[in-house]
Amino acid sequence: MPQITVRDIEGHEELREVPEGTTAGEVFTDRSVVVARVDGQLRDLAYIVSGGEVLEPVPVDTEDGRAVLRHSTAHVLAQAVQQIFPEAKLGIGPPIKDGFYYDFDVERPFTPEDLAALEKRMQDIIKSGQRFHRRVVSEDEARAELSHEPYKLELIGLKGGSAEDMGDVMEVGGAELTIYDNLDGKTGERAWCDLCRGPHVPTTRVIPAFKLMRSAAAYWRGSEKNPMLQRIYGTAWESRDALKAHLAFLEEAEKRDHRRLGSELDLFSFPEEIGSGLAVFHPKGGVIRREMEHYSRLRHEEAGYEFVNTPHLTKGQLYEISGHLDWYAEGMYPPMELDAEYGPDGELKKAGQKYYMKPMNCPMHNLIFGARGRSYRELPLRLFEFGTVYRYEKSGVVHGLTRARGFTQDDAHIYCTQEQMADELDSLLTFVLDLLRDYGLDDFYLELSTKDPVKFVGSDDVWEKATETLREAAERQKLELVLDPGGAAFYGPKISVQARDAIGRTWQMSTIQVDFNLPERFGLEYTAADGSRQRPVMIHRALFGSIERFFAVLLEHYAGAFPAWLAPVQVMGIPITDGHVEYLQDVAAQLRAHGIRVEVDTSDDRMQKKIRNAQKQKVPFMLIAGDDDVAAGAVSFRYRDGSQNNGVPVAEAIAEIRDAVDRRVQV
RNA sequence: GCCGCCUUAGCUCAGUCGGUCAGAGCGACGCACUCGUAAUGCGUAGGUCAUCGGUUCGAUUCCGAUAGGCGGCUCCA
């Protein structure tokens with residue numbers, strides 16, 4: 001009788017003797033367990049123990065459990081697709097964050113009606129209680145069986161070739177080729193099959209809740225050289241309630257969409273006449289942006305940064321020196337050609353100059369560094385600029401303020417000695433995180449991108465040293481540190497700060513990047529204490545990334561309800577009747593004298609309507625005044641959450657508001 | 001850049017399988033109302049149905065191109 005170790009979710013282990021032929025499913029009889037982890041590997045519940053293994057249950061409401069559930073649901077989708085569209089060829093169908101997809105090669109793209117029909121067919125399949133049955137096949141068998149599935153054949157071929165980078169492909173990722181058969185719950189007849197490494201849930205009956213979300217096109221195996229397949233995205237959850245919660249989350253995210261809030265709150269727009277991806281900020285958006293920049297400037301000044309300004313346009317020569325024209329040209333606006341002279345017959349008399357909109361600020365900052373001889377005494381030299389750059393984003397990726405074609409980086413370049421690098425990176429990371437916290441983000445993790453073994457410049461030991469320095473600085477922050485091996489740009493390692501917003505989404509915010517390339521290309525030097533010429537270390541860092549993007553992140557994080565210090569209108573005065581307007585205007589004047597942005601609603605709406613309007617504009621403080629308040633020299637607060645504080649003396653009210661603004665707290 | 005979808009009043013959206021079909025709500029404006037914590041009532045103005053071209057006796061409706069938007073892929077702050 002085989003002996004196995006059973007480890008429960010809490011980690012308690014129990015040695016157990018089981019009859020020959022016992023399956024994982026017989027060990028874990030709880031219906032919420034969808035697969036088992038056997039010696040660390042996820043296995044079907046049909047797995048037969050041989051003795052000596054450690055078995056753990058994987059319930060459906062865990063990350064692994066959901067992934068299996070979603071993967072199995074993807075199979076159900078594929079089966080439904082091939083039932084309704086028999087000519088459809090299968091691509092791949094993995095689980096992803098919050099769901100799954102499956103790619104198909106079909107005659108025509110799927111329509112919303114198709115999705116509805118597919119969803120219905122999937123319900124039928126699920127109800128019929130098909131069993132997922134794993135079957136090991138030889139490569140030849142697989143080829144024979146899947147001869148009508150060209151993409152699957154390609155995957156089989158890939159497995160034969162280089163198996164290393166196939167880790168994400170569920171189809172052929174395992175040690176052996178396997179096919180999963182879907183067997184009818186009653187008759188045991190094979191209804192469908194798919195090349196797949198598994199594992200899968202035992203039967204379709206344990207798929208409690210799913211929904212098809214949308215269809216879209218995707219290149220086969222992610223390359224634009226390959227044919228376009230039609231992808232269907234879906235989601236699946238351990239319970240109807242979990243699905244409902246997920247859909248509610250999506251709805252909430254949609255309500256917070258910065259593009260929507262941007263026009264509802266009259267903050268910015270993208271006039272068609274200007275061009276795709278180029279925003280204009282309206283007065284209210286302008287206030288928020290000004291406050292964001294203002295506070296950032298103050299903090300940078302305190303931290304020893306010096307402010308520079310550079311033009312938006314430059315001759316191509318600069319980007320030849322920097323190398324951007326070699327490796328970044330397709331991200332740049334095409335050049336304009338100036339100063340060419342032609343003779344009367346149109347022949348070229350004088351060659352023109354190409355000018356480019358700048359896609360990055362660093363080359364210009366390097367010119368400032370190189371404008372005169374630099375001493376080690378000046379280092380670290382920290383040059384800061386709100387530098388507007390223009391990048392020619394492909395039309396399909398432009399997305400509101402988060403992916404624009406013109407945007408302003410809060411860009412700084414720090415030039416320091418090798419010896420200063422460690423301290424500089426350390427204090428820099430602290431500075432960055434502190435500042436982000438002041439803007440109201442407080443949940444972070446760090447990501448360290450290390451050398452791509454193929455594409456890099458500079459020597460191994462310099463990389464090694466810089467990477468270690470970054471790692472040490474990151475670890476000192478006591479934050480979660482995620483490694484991104486090989487993810488660095490060719491010119492140096494980087495740390496990025498990822499922030500989680502109010503509804504748990506993560507955004508890449510700041511990046512701190514060491515650069516071994518540009519100081520070399522620009523021939524940057526400083527004179528060291530011993531009189532020798534040395535090359536400085538260059539660190540790029542942007543805190544917001546771009547102000548527009550950070551603006552969008554904060555807008556979504558706060559759902560438009562900015563803390564008072566950022567709110568475009570901090571106080572709205574609301575008179576009970578026209579007779580109280582004058583009194584409120586006097587209060588407003590006093591607030592203004594204290595630097596508060598205040599308006600009085602003098603429209604002829606009723607007071608309730610004015611409250612509703614101010615509420616919809618997400619004004620932090622409403623000051624209401626009627627006869628009682630006037631008599632008492634007071635105002636009545638209404639806050640954004642609907643609570644009230646009536647009859648507050650004007651001086652106290654001003655102090656309260658001023659205090660909330662000064663402390664930059666959310667109210 | 002590629003695939004699909006979308007574009008009707010300032011905003012959100014109805015509507016026409018080609019022929020009084022140009023509509024609603026909100027917003028704006030005007031008049032009345034003067035009101036204590038999320039919508040007072042009545043009225044007025046606003047659109048060559050994105051642009052250009054084609055098919056047709058006739059196009060907002062069908063076809064094509066262009067521009068912009070949305071969802072993805074690829075790429076990235």
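What's counted below: heavy atoms across the whole structure, side chains too, no hydrogens, waters or symmetry copies. Numbered from 1 within each chain, the chains take letters A, B, ... in sequence-line order.
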**Study point:** Closest non-hydrogen atom pair between Gly91(A) and Tyr151(A), with its separation
**Key:** CA-CB, 4.4 Å

Exercise for review: State the pairing partner of G18(B); accept Watson-Crick or G-U wobble contacts with both distances under 3.5 Å, and report none otherwise.
Suggested key: none

Revision key, fill the gap. Taking a pair to mean Watson-Crick or G-U wobble geometry with both distances below 3.5 Å, G68(B) pairs with C6(B)

Under 4.0 angstrom between [X] side-chain N/O and [N] OP1 or OP2:
| X | N | result |
| --- | --- | --- |
| Arg606(A) | U37(B) | no |
| Arg391(A) | A77(B) | no |
| Thr511(A) | A77(B) | no |
| Arg231(A) | G72(B) | no |

Study note, to complete from the structure: Contact check, residues 548-556 of chain A vs RNA chain B, heavy-atom distance under 4.0 Å, returns Arg549(A)

Review point. 5'-most contact on RNA chain B: Asn646(A) or Ser263(A), nearest heavy atom basis?
Key: Ser263(A)

Going by distance alone, is a donor N or O of one side chain under 3.5 Å from an acceptor N or O of the other, for [X] and [Y]?
| X | Y | answer |
| --- | --- | --- |
| Gln666(A) | Arg640(A) | yes |
| Asp105(A) | Gln230(A) | no |
| Arg231(A) | Tyr233(A) | yes |
| Ser269(A) | His282(A) | yes |
| Gln82(A) | Glu149(A) | yes |

Review point. Is the NE2 atom of His312(A) crowded by more than 12 outside heavy atoms at less than 6.0 Å?
Key: yes

Check your understanding: How would you label the contact of Gly626(A) with the nucleic acid (heavy atoms, under 4.0 Å): base, sugar-phosphate, or nothing?
Key -> base

Distances for protein N or O near nucleotides 24-30 of chain B N or O, under 3.5 Å:
from   : atom 1 : to        : atom 2 : distance (Å)
G27(B) : OP1    : Lys609(A) : NZ     : 2.7

Exercise for review: Pick the P atom in U16(B) and in A22(B), then give their distance to the nearest Å.
Suggested key: 14 Å

Exercise for review: Between U55(B) and G64(B), how far apart are the C1' atoms? Round to whole Å, please.
Suggested key: 11 Å

Short heteroatom pairs, N/O only, protein and nucleotides 7-10 of chain B, under 3.5 Å:
none

**Study point:** Lys494(A)/Glu447(A) ion pair, N-O < 4.0 Å
**Key:** no

Exercise for review: Indicate yes or no: does Glu251(A) engage Lys255(A) in a salt bridge with an N to O separation below 4.0 Å.
Suggested key: no

Review point. What's the spacing between Leu518(A) CG and Met360(A) CE if we round to 0.5 Å?
Key: 9.0 Å

Review point. Roughly how far, to the nearest 0.5 Å, is CZ of Arg541(A) from CZ of Phe384(A)?
Key: 6.0 Å

**Study point:** A77(B) pyrimidine/purine six-ring stacking with Phe407(A), under 5.5 Å and 30°
**Key:** yes

